[in-house]
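Note sheet for the following structure.
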Amino acid sequence: TPLYSSAASDVYKRQFQKAIDRKSYASTFFGNHYPVAEGVIEPSTLYYKSQAQNLQHDPQAANALLEKAGWKLREDGYRYKNDEKLTVVYPVVDGKAGDILVQDQVKKVGFNMVLLPVTAGDASNRFIAGDYDLSRGVLSRGDPVVIQSHSDVRYSGSAIARNRFTPEVQAQLQVLLDRGAAEPDTAIRRGFYEEVQDLILSENGFFPVYALSLIHISEPRDVEESRM
């Protein structure tokens, strides 16, 4: 399950990505031999690319960069800037034990991850209004066109998809997806879809948490902490 993201500040999202300990998550819930999430799509999907190098758990770097960006750690364990707490709101319809583990992991670098219990209707309203920071999703199918149903606003009616990327990044993504879908040469087609995966991760549009599942962040509420 991944967490999805959008146009929130790059520093904010990059440090959240670094705060997630995927190896610990996999071993805690599935055992020491369970595969660790290494990409924005599942390994079972055609043209999957391991992105493990860019998904390293690095709380030291996250702390240092947040500090440099002006987010100061206080005695309560959270970071603040201009008296605003570094908060991400995650509307939860059906809570998972893993949500609490991720919450604990990101607190170690100063994030206040709020697990907000909501009804399905309230969650939908929040997504439409952009009044959220994180949402849960699954990105698994045999063909890489699954990315279109999750991230391409021409094919997805989801408000979360509309919130995930800036218009400029959405345009880049659509060009690559169109080229990948139209290309008959499998080697060239693979290249396009690998570029798609790299683009999504470079924008931190998805936060891979464990294999067969992920978490997303969006351009959420109009608050200081989401726009560092």
Side-chain angles (χ1 to χ4, degrees), residues 1-8 10 13-14 16-18 20-23 25-26 29-30 33-57 90 96 98 102 127 132-219:
T1 295
L3 294 169
Y4 297 133
S5 168
S6 169
D10 182 53
K13 294 191 293 181
R14 281 188 293 127
F16 194 92
Q17 193 81 270
K18 292 177 186 295
I20 300 173
D21 186 349
R22 296 165 181 86
K23 183 176 181 180
Y25 191 107
F29 291 103
F30 305 109
H33 301 294
Y34 194 84
V36 176
E38 294 185 349
V40 298
I41 61 176
E42 295 299 325
S44 59
T45 302
L46 189 65
Y47 306 137
Y48 162 82
K49 176 181 180 179
S50 173
Q51 298 164 297
Q53 251 189 334
N54 295 316
L55 289 171
Q56 297 295 314
H57 176 53
Y90 181 10
K96 309 291 184 185
V102 173
F127 296 151
Y132 69 102
D133 297 298
L134 302 177
S135 61
R136 181 191 301 134
V138 177
L139 194 61
S140 178
R141 198 178 298 168
D143 194 282
V145 295
V146 66
I147 298 170
Q148 289 178 314
S149 65
H150 281 258
S151 298
D152 187 337
V153 295
R154 298 172 300 175
Y155 299 95
S156 174
S158 165
I160 293 171
R162 293 196 300 272
N163 293 336
R164 188 164 302 136
F165 301 112
T166 64
E168 294 77 14
V169 173
Q170 178 66 222
Q172 293 177 52
L173 183 70
Q174 290 177 7
V175 169
L176 290 171
L177 287 170
D178 287 349
R179 289 176 177 173
E183 178 55 56
D185 185 291
T186 55
I188 299 175
R189 188 172 192 241
R190 172 185 291 276
F192 286 132
Y193 282 112
E194 288 185 350
E195 285 188 61
V196 167
Q197 293 168 73
D198 287 340
L199 176 61
I200 290 172
L201 188 57
S202 71
E203 294 294 321
N204 292 291
F206 297 170
F207 295 88
V209 176
Y210 64 96
L212 300 180
S213 201
L214 312 158
I215 302 179
H216 9 158
I217 273 187
S218 140
E219 170 66 1

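Predicted model, so just to flag it, every value in this text is computed and none were measured. One-based numbering along the sequence shown.
Side chains of K49 and D198 form a contact here, defined as non-hydrogen atoms less than 4.5 Å apart.
Nearest heavy-atom pair, P35 versus A26, reported as atom, atom and distance to 0.1 Å: O-CB, 4.0 Å. Nearest heavy atom pair, residue Q17 against residue P208, reads OE1-CD, 3.6 Å. Q53 and Q56 make their closest contact through O-CG, 3.4 Å (heavy atoms, listed as atom of the first residue, atom of the second, distance). Here the shortest heavy-atom pairing between F165 and I200 reads CZ-CG1, 4.0 Å.
Judged as a side-chain hydrogen bond (donor to acceptor under 3.5 Å, both in side chains), and not counting sequence neighbours, N54 has no contacts. Residues passing the side-chain hydrogen bond (donor to acceptor under 3.5 Å, both in side chains) test with E38 are S50, sequence neighbours excluded. Applying the salt bridge (charged side-chain N to carboxylate O under 4.0 Å, His left out) test to K18 and every residue at least two apart in sequence or in another chain returns nothing. Among residues two or more places apart in sequence or in another chain, the salt bridge (charged side-chain N to carboxylate O under 4.0 Å, His left out) test is passed with D152 by R154. Applying the salt bridge (charged side-chain N to carboxylate O under 4.0 Å, His left out) rule to K23 yields no partners; only residues at least two apart in sequence or on another chain are considered. Take R190 and apply the salt bridge (charged side-chain N to carboxylate O under 4.0 Å, His left out) test, not counting sequence neighbours, and it matches E194.
Under a 3.5 Å cut-off, the side chain of R22 and the backbone N or O of L55 do form a donor-acceptor pair. Using a distance-only test at 3.5 Å, with no hydrogens or angles considered, a donor-acceptor pair links the side chain of Y34 to the main chain of A211. Between the side chain of E42 and the backbone N or O of A37 there is no donor-acceptor pair closer than 3.5 Å. Between the side chain of T166 and the main chain of V169, a donor-acceptor pair closer than 3.5 Å is present. Side-chain atoms of Q51 come within 3.5 Å of backbone N or O of Q197 as a donor-acceptor pair. Panel note: side chain K13, backbone E203; a donor-acceptor pair is recorded below 3.5 Å.
Between L199 atom CG and Y193 atom OH the span is 14.0 Å, to the nearest 0.5 Å. Expressed to the nearest 0.5 Å, how far CG of L177 lies from CD1 of I147 amounts to 6.0 Å. Distance check: L201 CG to F207 CZ gives 9.5 Å after rounding to the nearest 0.5 Å. Rounded to the nearest 0.5 Å, atoms CG (L173) and CD (Q148) are 8.5 Å apart. Note that the OH atom of Y47 and the OG1 atom of T186 stand 5.0 Å from one another [nearest 0.5 Å]. How far NZ of K96 is from CZ of R136: 5.5 Å, rounded to the nearest 0.5 Å.
A side-chain N or O of Q170 and one of Q174 form a donor-acceptor pair less than 3.5 Å apart.
Note: Y210 and F30 meet the aromatic proximity criterion, with ring centroids under 6.0 Å apart.
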Given the rule in the side chain to side chain contact (heavy atoms under 4.5 Å, CB included) test, do I20 and Y25 qualify, once you have shown the distances and angles that lead to the verdict?
-> CA-CA 9 Å; I20 300 173; Y25 191 107; over 6 Å; no
Please step through side chain to side chain contact (heavy atoms under 4.5 Å, CB included) for the pair S151 and F206, ending with a clear verdict.
-> CA-CA 10 Å; S151 298; F206 297 170; 3.4 Å; yes
